[in-house]
Structure formats: C-alpha cells, structure tokens
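See below for the structure under consideration.
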2 protein chains.
Amino acid sequence: MNHKSGANCPKRNDSPVIYGHGSRAMDDHNTPVSPPSGRRPTLSQVAAAAGVSEITASRALRGGGLVAKATADRVQAAARDLNYVPNRLAGTLAGGSSRQVGVILPSLSNSVFADVLNGLEDRLEDAGYQPVLGISNYDPAREQRLIENLLSWRPAGIVIAPADMTEASRALLVRADLPVVEIMDVDAAPTDMAVGISHHSAGRAMAHYLLGRGYRRFAYLGHAIDSDLRALARLDGFRGALGEAGQTLAQCLTLAGSSSVKLGREGLARLLAEAGQPPDLVYFSNDDMAVGGVFHCMAAGISVPGDLALAGFNGLEIGQALPVPLTSIASNRAAIGIEAARHLIERFTGGTPEKISDVGFRLIPGKTA
Amino acid sequence: MNHKSGANCPKRNDSPVIYGHGSRAMDDHNTPVSPPSGRRPTLSQVAAAAGVSEITASRALRGGGLVAKATADRVQAAARDLNYVPNRLAGTLAGGSSRQVGVILPSLSNSVFADVLNGLEDRLEDAGYQPVLGISNYDPAREQRLIENLLSWRPAGIVIAPADMTEASRALLVRADLPVVEIMDVDAAPTDMAVGISHHSAGRAMAHYLLGRGYRRFAYLGHAIDSDLRALARLDGFRGALGEAGQTLAQCLTLAGSSSVKLGREGLARLLAEAGQPPDLVYFSNDDMAVGGVFHCMAAGISVPGDLALAGFNGLEIGQALPVPLTSIASNRAAIGIEAARHLIERFTGGTPEKISDVGFRLIPGKTA
DNA sequence: GCATTCAATGACAGCGCTGTCAATAGGGGC
DNA sequence: GCCCCTATTGACAGCGCTGTCATTGAATGC
C-alpha cells in the first residue's frame, strides 16, 4: 500500500547542522554508566539474587520447563534487574554447540552475494544463529586464512561460496567435521553439501534460447574471468551449446577488473571497435556488464535489439527496470541463501538434507535479444 | 591492464551437466575423514607432542618471543602435525579480549550498506578481527534483539548503522562498556563514536546547487521514509534550504516499500500523472530511485534535463555509467567502513580516536540537473 | 501405610585456554 | 666463590557456563 502526502511529507525538528568534512575532538568522553560491581553480572550473581543454584538459574534462563514456573519467573526477574547478558563463549565452551555460522564470500561489491547473504542472515537469525563473515576477494590464500580463522571460533557450520579452494582449505573443512554448504554452484562434487544452480547449464540454456531466436554471430564480453569460476562455467556451457549447433563464438573479450556497469559499457565500445564484422549478439558475463552494454548502445545510438542484441545473467532488478528489459537468466540468489540456511539448520537438528540442492534458474526473455 | 583473446577465451574441460531444478539424495554420505582420537586436538595434546607444558605451547603459538626459538619451532611443528586449530572461545574466555566485532546494518539489499560492510570487513580482517553480522531490516525491535545476541558473544566492539534505536538498545550498548561506532550519520550525538556524513547537510547542499542552477518548481520522490531516518534527514535539509531561499517543495510523494529502481520508475510516472503543473526538478531519496526516474524518462520520451531535471543521492556507480550521468552526491561509503574499522582498532590498541568523524560528501554535478 | 515414581533442585567436574606467580638454570660482576 | 639478574619454563587457578549424576520431597498405587 502506498501513502502519499501532498506538499507535506514527514518533517522533523531542525537538527544540528554540520557542514562538510572534519571531526570533533573526543573531549567530553562521558564515563560509562554504572560499572556496577566492577564486572558484568554473571549467572552466579543472578542465581544468588534469585536464591537458587547456578544450574537452576541456567535452566530457568534457557527455558525448557525443567524448572518450576515460580522459580523460573524469579530467576528471569533477577536477570532483568541485573541487566544480565549471558556469555555464550562460556556456554558454548561448556555445553558444546555454538550458534555461530561461518560465512565466506568472494566479494560484496557484487550485489549477487549481498542478496545471498541477506537471505542467509534472515533465516539464520530466525533460527537463533549468527553469521560470522569473511570476504575472500577471490583470493584462495585469503580464503584459506579465513577458513582457519572462522574455524577457531568453533562455528556450528560453514557456508562458503568458493573462490578457488586450495587443497589445504578443503582439508581444513573436512577435518573440521561440521556441516559445510558450498553455495552458488552445483556443478562440482561438494565436500559436504552444495546449494546453487548449474552455471554450466545456465550458459547452455541461454545459448539455446538465442539460437532459437535466430542469432548467429555471437560475441562474449566478460570481466576478470579467471578468478570467477562461475562466469567461466557459464561461458563454457554457452560455447559448448553453440558448438553442438555448429556455431562458434565469433568474438570474445575479457577485461581485467571486477564486473561493473562501467566496465560493461566501456568494454562493449571496445569490442565493437575491434570487431571486423560486427556481432549480432553480445553475451555478457553478467547483468552488471550487460546493463553497461545497454547504456553504451543508448549513448551510441545503437538500436537494441535491432542493430545489436544483448544478453546477461542474474536477472538483476536493474536490468528488468531498464526501458528495454534485459534478456537474462534469473539466478535465484535469495533462494540460495535461504536454502543454504535450511540445509544447515536441518543438519543442526539431526536431519539429513539432500547433498546437492539445485534451486534452478529461469530464463527471462526480456526485450534485448 | 586488460588482456583480450580473440576467439579463444579461457576454456575448461567439460564438466558434468545438470539441467534445471532438483536435488540428489544424500546417499553416499562419506564418513568424516579421521576423527583422530575422537575429538579435535587441544593445546595440551600439542604440548605433550612437543614435550613442553601447556602454557609454554600457548606462548609459543601466540608468538611474542617469550619462548626459546628451538622450543617454539618444536611446538609449531607439533601443532602442524596434529592439525591443531586453536579454540578462541576458550582463549577469549580465559584471556579476555575477543577478536570479534558485532556489525548491525538495517539492510543488505541496498548496495550502500554492502559497500560499507566491504570496507569494514577488509580492514577488520587485516587487523585480525572478524565481523559478526546482523541485519535489522529497519526494525527497532529486531535491532535490539540483535544487539543482545551480539553482546552475548562478548565482541571487542560494535559497529551499528542505527535504524531507530530504542532506549533499551542504547542502554544495552552503554552498559556493555565497549567501543561502539555508529555509522552513516553524524547529525546526532552518538553514544560513543560516530562515523559518517551529515545527511542533513547533504540535503541542503543539493538544494543550494539546484537553486543555483535556476530550478524553481521542486518535487520530491522517496521510498518508505519513516523508517529510513537518513533519507528523512536529507529531505529535511533540502526543504530547509529551499525555505531559506523563499522556495517550497511543490510536490512530495513517498511510496511504501524499500528503495529500488523499479519503485523510482513507477513512482515518477505516478508523480507526474498526479502533478498539476509539472515540476522542473525531482529530487529522489537516493540514486536507486533516481535511476528508475531516468529510465521512466527514457521510456516516456521525456528529455532530461530539458523537460525535467533529476537528482539523487549516493553517487552510485550505476548512476554515473548512465548515458546521461546522474546529478548526485557521493556518500563515501567505503570510506565510512574503513574509517569505522580504524576507530575501533585504534580504540582496541589503547588510542582515543575522535568522537565524531565526518568523512564528507561530494556533489557530483552530472548531467541530469 | 509403604514402596515407587516423578518433578524440582543441587553438587561437581570440566570445556580449552591464559594470567599470575613461582621455580629453575645459566651468566656475569665483584 | 658467591650473589644477583635474566631467560626460560612450569604449576595453579579460574574465565562463565552446562552435562551428568545425585538428592530431596511429594504424589501415586496397591
């Protein structure tokens, strides 16, 4: 439901205004309020306040009905009064299973991973788990270091979008002997579980679609593809399907740097400049790049798809909001995060989810190809 | 540096292909490799293997030169042989300071926060800290729950982009008595430290710029603004500056839902449909919305900025890659993350960074206004 | 009425590690 | 030759909590 308001949108009282860039000294560092008895309250203090033993307090606070209602109420009241915040480090150390989940992603500048993380966080949080994050920047060494670091927190599980795992990384995960979900790609055999789509198939599917639309002179424009294994898999599938149909990739340009609208825009300009006979379709490594391509065409007066057709991957919102919606493949990103969370949680609760879960993709016809 | 390759982009061996959506049963669940002696190795096992006491092993592993070189080497070798992974839960519990940092953001679907998180993670990671993430979805109650949860892991510090902190949330943070960085906005007095820009000033700056360009009939198009306090602050500053110049906001439309290109596109259509006398400029709550506005104009044949001028906020890459680059304000997102990390780390190491750090913004003239 | 059962609570030990203080052994100074 | 100092190592306790078993008292059954 939308609500509008004529010329009187929400206002707020005038607040202090700071112009430009600068910083204020940390002068009046207000002393922390109430360091009550030196430290933060512990369970034993709560127990004492409620007149019960530590373990009873523990049980009362964790719930589970092992404690008489009246007692439990008393304990909870005491905890509230003392502003007790449990120490899960101690709890986990003593009791066993952590409620943290290690999450390793190759990047966050790509909105794809942000979407996955969003879905993942939401479900984990609801189940009482907290993600501990690491970004590998597509660097296998950093990825390995992250795995070690995260494991040292003894997480309940790991979710990883592998960049290019070293053998050592894989060994670490295997030895750790905890649920591990490898996300994004289901083409390779996972260490433990995998949730994602087949990027190889996605590439093939797009090729089939485009062949069916009658395109014949294909070009590819990609970003630093060596470190993006999934983009490589799509290209591989794309080219494979072309080959089976007796076609080839007439032109193929990959640019250093991570994918972006800007790179796609500049890249397309360059690709067309270098082309002998221009392609009738350009397949981009993803939607960011493809949207850049659309922008180039707009600016250069190239009619899409009349003069040149464009196709991407991911089904990003921006591509669909374009004046001419982008031909792409919806990669079901949020579903991957949600599904990964489900796998972990199921495992935590004693279940045995499928080893490989393919959330599937969907071709979006769009209007650019 | 770019590298291109004619028609022979990187290939890879054909990999197994899975079509469409589905899942394979978890049949051959390979038994975990080597649960060596039932559990994972502990420090005491490493110590035993190296023929030293636990504490010596601990010191050797942590470095610091308190242990004779030869002994340290022996311990490290033993640790490697046993595949020892330290248990930081135990370490933190015994020793004191954690190496986790709680991070609370209102959303991740907005690339702005992904950018901040990216910068933050990078610096924290380099300093040996791990972010533990929570997403509040602009919900104060969830925000408070997240604070409680994160505090229970006894993090070394907290970074929070406040959605609309409850009194209880604020009290939790104060009592926790740890470094807290409130990010994004420096307009209000922070609990502890703040890193960001003044959104109020950003709104004013844009108003001044646009007034200088001669626009007089202003409209505003925003998303669910009640929960996005920073967008509200910008609008507030914008309107304030207009008022000082004797101008008013002729039209103001806010739409339910989070900001998106689609919402901006549809919103602008609606705003123009509802307008009596059409505005000569539309100020959007942010660049996502504004890009949507640009798309609407393209599709509807409205010339920008001739017929209608548009302005946004954030300086997103997409806006600048548009055929007509967007007039906007660069909000220095990565810098906020980096700066927040710096503040925390400085605090961890005994320093006293500034209480408020304004990373500043920059007006991007663009070509849409 | 007495054994039996169950609900409610508690004592104890220990999770894996590190801070503190103590012990040991050489080396150097006088 | 004796004492002091430093470098190196270790013993001990304890971080805050929970699993396991034990204890208590009251309710139940016959």
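Each chain gets a letter, A, B and so on, in the order the sequences are listed, and its residues count up from 1.
A:E148 pairs by the salt bridge (Lys or Arg N to Asp or Glu O under 4.0 Å) definition with nothing, not counting sequence neighbours. With sequence neighbours left out, the salt bridge (Lys or Arg N to Asp or Glu O under 4.0 Å) criterion links B:D164 to no other residue. Take A:E143 and apply the salt bridge (Lys or Arg N to Asp or Glu O under 4.0 Å) test, not counting sequence neighbours, and it matches no residue. Under the side chain to side chain contact (heavy atoms under 4.5 Å, CB included) criterion, B:T56 pairs with B:V52, B:S53, B:V67, B:T71, not counting sequence neighbours.
C:dC17 atom P lies 21 Å from atom CZ of B:R154, rounded to whole Å. In this structure, CZ of B:R40 is placed 10 Å from P of C:dG16, rounded to the nearest angstrom. The distance between atom CG of A:L93 and atom P of C:dC17, rounded to the nearest whole Å, is 9 Å. Summarising the geometry, the separation between CG on B:L43 and P on C:dG16 is reported as 11 Å, rounded to the nearest angstrom. The interatomic distance linking A:N87 (CG) with C:dC15 (P) rounds to 18 Å, in whole Å. Regarding B:L61, its CG atom lies at a distance of 13 Å from the C1' atom of C:dG16, rounded to whole Å. Between the CZ atom of A:R62 and the C1' atom of D:dC17 there is a distance of 8 Å, given to the nearest Å.
Look at A:S58 and you won't find any side-chain N or O under 4.0 angstrom from OP1 or OP2 of D:dC17. Applying the 4.0 Å criterion to OP1 and OP2 of C:dG16, one finds that B:Y84 has every side-chain N and O outside that range. Note on B:R88: every side-chain N or O is 4.0 Å or more away from OP1 and OP2 of D:dC15.
Judged as a ring-ring contact (aromatic ring centres under 6.0 Å, His included), not a single pair has a partner in residues 134-186 of chain B (not counting sequence neighbours). Note on residues 45-70 of chain A: pairs passing salt bridge (charged side-chain N to carboxylate O under 4.0 Å, His left out), not counting sequence neighbours, are A:K69-A:D73. Applying the salt bridge (charged side-chain N to carboxylate O under 4.0 Å, His left out) test to residues at least two apart or on different chains, the pairs with a partner in residues 112-124 of chain B are A:R142-B:E121, A:R142-B:D122, B:D115-B:R333.
At a threshold of 4.5 Å between non-hydrogen side-chain atoms, the residues B:R145 and A:E125 count as touching.
For the helix from C:dG1-D:dC30 to C:dC30-D:dG1, the angle separating the two terminal helix axes comes to 40°, with each axis derived from five pairs and the value rounded to 10°.
Counting only N and O atoms by type, the side chains of B:R40 and B:N83 include no donor and acceptor under 3.5 Å apart.
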Next on the checklist: Return a single string for nucleotides 6-14 of chain C, one symbol per nucleotide in 5' to 3' order, where B is base contact, S is sugar-phosphate-only contact and - is none, cutoff 4.0 angstrom on heavy atoms.
Outcome noted: --SBBB--B
